[in-house]
Q: 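Below you will find the structure I want to go over with you.
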Amino acid sequence: MDFKSVENIWSTIKLIPFAVVLYDAQKQIYKVNSQAQSIFDLPLQNNFIEADFKNVVLTSPESKKQLEIKQLFEKYLVINTGCHILLHKNNTALLLNAKLAQLSNSLHIATFDVIKQSKDEQYNFDKIISKISTDLIDIQNDNIDTHIEFALKAIGTVCHADRSYLFKFSDDGKSMRNTHEWVNQGVKPFKDQLQNIPKDALPYFFNLMDTTHIFKVNDVAALPEKAIKEKQEFQLEKIQSVLCIGLRYDKELVGFIGCDCVKQKREWSDLDLIRLKLVGEIIANAFKNINYKHELQYIQQQLITANLKLNEQVNTDGLTDIANRRCFDDTLQNELLRCTRHQQPIGLIMCDIDFFKSYNDNYGHQQGDEVLKSVAQALKAMCKRQGDLAARYGGEEFAIILPATDTDNSLKFASLIQEKIEELAIEHKYSSVSPQLTISMGVYSLIPNKNTSAQSLISGADSALYNAKETGRNKIANYTDCK
């Protein structure tokens, strides 16, 4: 289309009695009539380029995403279909109804009409939405009801409704129940009656909710004949107008948020729809966050349990179910460092079952394993203080770590072990020291310093054990006395 043709078209279009913007995509030039210049605060001139609109702040009322003027013509607006846009100016936001028409492949016009509304109402709603969104961002399961009820009251009030509510569908999608409800003063609540409503009780409603996720009725009396069940239910609740928006979670319809009017009919506006949808999405996201938290907590607990089990397996002797050599080495090193810092003594007792090879050879390996288990559990039962540890050191040899325990108390502990083993009264006819099972023990206790190593402690207790075995077995030897 040539320049003269465009000018001729514009000379007619600019006289339309509302805001009009003509966009020539080929030349990337905009023409704006006087009403549009006033709305967008543009200077009086014939042609504009994209840069001239840099101070025009437009956003989508649903996504809050900022839009550039060029995007309206290329992506955002649909030809011959109305769409809402927010224009931000002078610390307020004007809601515009925008429509697009195509004159040729490169020539488009957009019309803009300001939707009449109370600035105070929009400002208050924006504040309410901000509070609802903030409250529900990090919501916990124990206080979600309070915030949802506040959200329902807010949307019911701003949409001039008499009731607002939240419904959830059952897991199988065959029924629904009213979980939260707000009612205006003097309006009868119906939450208790609206529980476990089967899908086939309201087939027309469910069908629209499944297909369009919207149920918008300005006049219940005008519902079609196939909505007879819905009409009966609405008349029972004295509903004259109703508006419901589906709630989706991971693309699945899980419920809906709705408003209805009892005292008088209401022509639901696109703004009512946007507001209800916005609150519904905030609530759906809150439920999603709670579900994610529950799933995360469950996974975390599973991991903690698995780690505890793994840690137990890694540090536990498979036969005797007490600490293994690895756990013993780690614990001894940690307790040695702690006792060094606090200048406390640490005791170590090395134990060996007397003539265990003879026991195994004559009673059998299975019975020998049972003896190892019995001795291990007896030692473990004696370690009652935090830090005390009984461990299987290897074969028939055991070790007991005693933090903050001096030589005298370590020797007393060893005597108690000896008594405990006697109480087990395990027969050992092939022992040369007793007809019952006995153990020999080596004890070493000292106040460690930075030069004291775990190996030196083990070597001392092991030397004492060797002395106990060499001097007759079924004895307790102290490393200090053996030197």
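All residue numbers refer to positions in the sequence shown, counting from 1. Below, all heavy atoms of this structure are taken into account, side chains as well, without hydrogens, waters or symmetry copies.
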Q: Do any N or O atoms from the side chain of Arg385 and from the backbone of Pro403 form a donor-acceptor pair under 3.5 angstrom?
A: yes
Q: Measure the OG1-CD distance between Thr179 and Gln195 for me, rounded to the nearest 0.5 Å.
A: 8.0 Å
Q: Quick check for you: to the nearest 0.5 Å, what is the distance between Cys159 atom SG and Arg266 atom CZ?
A: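 The CZ atom of Arg266 is 6.5 Å from SG of Cys159, to the nearest 0.5 Å.
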Q: Is a donor on one side and an acceptor on the other found under 3.5 Å between the side chain of Asn315 and the backbone of Asn324?
A: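 Side chain of Asn315 to backbone of Asn324, a donor-acceptor pair under 3.5 Å: no, none is there.
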Q: Please indicate whether Glu225 has more than 12 foreign heavy atoms, meaning atoms of other residues, nucleotides or ligands, lying under 6.0 Å from its CD.
A: no
Q: Kindly compute the distance separating CG (Asn105) from CD (Gln26), expressed to the nearest 0.5 Å.
A: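 Between atom CG of Asn105 and atom CD of Gln26 there are 9.5 Å.
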Q: So, the side chain of Asp52 versus the backbone of Ile49: is there a donor-acceptor pair under 3.5 Å, distance only?
A: yes
Q: Quick one: are Glu7 and Lys31 in side-chain contact, heavy atoms under 4.5 Å?
A: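 Yes; the side chains approach each other to less than 4.5 Å.
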Q: Can you say whether the rings of Tyr165 and Phe256 are parallel (under 30°), tilted (30 to 60°) or perpendicular (over 60°)?
A: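 If you compare the ring of Tyr165 with that of Phe256, the planes turn out perpendicular.
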Q: Do Lys199 and Asp210 make a side-chain contact, defined as non-hydrogen atoms from C-beta onward lying under 4.5 Å apart?
A: yes
Q: Taking Gln37 for its side chain and Val32 for its backbone only, find out whether a donor-acceptor pair lies under 3.5 Å.
A: yes
Q: Over all heavy atoms of both residues, which pair between Glu396 and Leu372 is shortest? Give the atoms and the distance, please.
A: CA-CD2, 3.8 Å
Q: Nearest heavy-atom pair of Lys229 and Leu202: which atoms, and what distance?
A: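 Nearest pair, atom of Lys229 first, then Leu202: O-CD2, 4.0 Å.
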Q: Can you name the salt bridge (charged side-chain N to carboxylate O under 4.0 Å, His left out) partners of Asp162, sequence neighbours left out?
A: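 Result, salt bridge (charged side-chain N to carboxylate O under 4.0 Å, His left out) vs Asp162: none returned.
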Q: Decide yes or no for Phe169 and Glu252: does some side-chain heavy atom of the first lie under 4.5 Å from some side-chain heavy atom of the second?
A: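 No. Closest side-chain heavy atoms not under 4.5 Å.
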Q: State, to 0.1 Å, how close Cys259 and Gly156 come at their nearest heavy-atom pair, and which atoms those are.
A: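 Answer, listing the atom of Cys259 first, then Gly156: SG-CA, 4.4 Å.
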Q: Decide if atom NZ of Lys263 counts as having more than 12 heavy atoms of other residues, nucleotides or ligands within a radius under 6.0 Å.
A: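 Yes.
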Q: Given side chains that start at C-beta, do those of Met176 and Met209 come closer than 4.5 Å, heavy atoms only?
A: no
Q: For a quick test of reading the model, state the closest non-hydrogen atom pair linking Ala404 to Gln344 and the distance between them.
A: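 Nearest pair, atom of Ala404 first, then Gln344: CB-OE1, 3.9 Å.
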Q: Would you say the side-chain atoms of Asn184 pair up with the backbone N or O of Val187, donor to acceptor, closer than 3.5 Å?
A: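 No.
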Q: Take atom NZ of Lys153 as the centre, draw a 6.0 Å sphere, and report whether it contains more than 12 heavy atoms from other residues, nucleotides or ligands.
A: no
Q: For the backbone of Glu68 and the side chain of Gln71, can you confirm whether one donor and one acceptor N or O come within less than 3.5 Å of each other?
A: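 Yes, Gln71 side chain to Glu68 backbone: donor-acceptor pair under 3.5 Å.
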Q: Can you establish whether the number of heavy atoms outside Lys420 located under 6.0 Å from its atom NZ is more than 12?
A: no
Q: Can a cation-pi geometry be assigned to Arg325 and Tyr393, taking NZ or CZ under 6.0 Å from the six-membered ring centre and within 45° of the ring axis?
A: yes
Q: Does any non-hydrogen side-chain atom of Thr157 lie less than 4.5 Å from one of Trp182?
A: yes
Q: Return the minimal non-hydrogen interatomic distance between Phe206 and Pro198, and the atom names on each side.
A: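 Scanning both residues, the minimum pair turns out to be CE1-O, 4.2 Å.
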Q: Donor-acceptor check, side chain of Glu181 to backbone of Lys191, threshold 3.5 angstrom: yes or no?
A: yes
Q: Nearest 0.5 Å please: distance from the CH2 atom of Trp10 over to the CG atom of Leu15.
A: 9.0 Å
Q: How are the rings of Phe215 and Phe234 set to each other: parallel, tilted or perpendicular (split at 30° and 60°)?
A: tilted
Q: Apply side-chain contact (heavy atoms from CB on, under 4.5 Å) to Leu166 and Ile148, showing your working.
A: CA-CA 9 Å; Leu166 185 69; Ile148 287 178; 4.2 Å; yes
Q: Quick one: sort the Tyr30 and Tyr23 rings into parallel, tilted or perpendicular, breaks at 30° and 60°.
A: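 Ring orientation of Tyr30 relative to Tyr23: parallel.
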Q: Please say whether more than 12 non-hydrogen atoms of neighbouring residues, nucleotides or ligands are located less than 6.0 Å from CG in Asp171.
A: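 At most 12 heavy atoms, drawn from other residues, nucleotides or ligands, come within 6.0 Å of this atom.
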Q: With side chains defined as the heavy atoms from C-beta onward, is the minimum distance between Glu237 and Leu194 less than 4.5 Å?
A: yes
Q: When Leu96 is tested against each of Asp113, Leu87, Thr111, Leu86 for side-chain contact (heavy atoms from CB on, under 4.5 Å), which residue passes?
A: Leu87
Q: Evaluate side-chain hydrogen bond (donor to acceptor under 3.5 Å, both in side chains) for Asn334 paired with Thr331, printing each intermediate quantity in order.
A: CA-CA 5 Å; Asn334 291 334; Thr331 304; 5.8 Å; no
Q: Scan side-chain atoms only and decide if Asn8 and Ser11 contain a donor-acceptor pair under the 3.5 Å cut-off.
A: no
Q: Find out whether Leu103 and Ile13 are in side-chain contact, i.e. whether some heavy atom of one side chain is under 4.5 Å from a heavy atom of the other.
A: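 Contact flag for Leu103/Ile13 side chains = yes.
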Q: Between Ile400 and Leu348, does the side-chain contact (heavy atoms from CB on, under 4.5 Å) criterion hold? Intermediate values first, please.
A: CA-CA 6 Å; Ile400 296 101; Leu348 178 63; over 6 Å; no
Q: So does Ser269 get a backbone contact from the side chain of Asp272, meaning a donor-acceptor N/O pair under 3.5 Å?
A: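 Checking the backbone N and O of Ser269 against the side chain of Asp272, a donor-acceptor pair under 3.5 Å is found.
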Q: For the CD atom of Gln377 and the CG atom of Asp321, what is their distance to the nearest 0.5 Å?
A: 6.0 Å
Q: Do Lys216 and Ser241 make a side-chain contact, defined as non-hydrogen atoms from C-beta onward lying under 4.5 Å apart?
A: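 Side chain of Lys216 against side chain of Ser241, heavy atoms only: no contact under 4.5 Å found.
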Q: Checking Gln240 side chain against Val262 main chain: does a donor-acceptor pair fall under 3.5 Å?
A: yes
Q: Please report the C-alpha distance between Leu319 and Lys373 in whole Å, then the side-chain angles of each, then the deciding distance to 0.1 Å, and finally whether the side-chain contact (heavy atoms from CB on, under 4.5 Å) criterion is met.
A: CA-CA 7 Å; Leu319 175 64; Lys373 291 178 187 177; 3.5 Å; yes
Q: side-chain contact (heavy atoms from CB on, under 4.5 Å), that's the test. Do Leu58 and Phe40 meet it? Break it down for me.
A: CA-CA 10 Å; Leu58 302 170; Phe40 295 126; 4.2 Å; yes
Q: Glu230 side chain to Phe205 main-chain N or O, any donor-acceptor pair under 3.5 Å?
A: yes
Q: Please round to the nearest 0.5 Å and tell me the distance separating atom CD1 of Ile197 and atom CG of Asn178.
A: 9.0 Å
Q: Please report the closest heavy-atom contact between Ala323 and Leu389, naming both atoms and the distance.
A: CB-CD1, 3.7 Å
Q: Does Arg177 CZ have over 12 foreign heavy atoms under 6.0 Å away?
A: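 Result for CZ/Arg177: open.
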Q: Per the side-chain contact (heavy atoms from CB on, under 4.5 Å) rule, which among Asn360, Ile426, Val375 passes with Ile353?
A: Val375
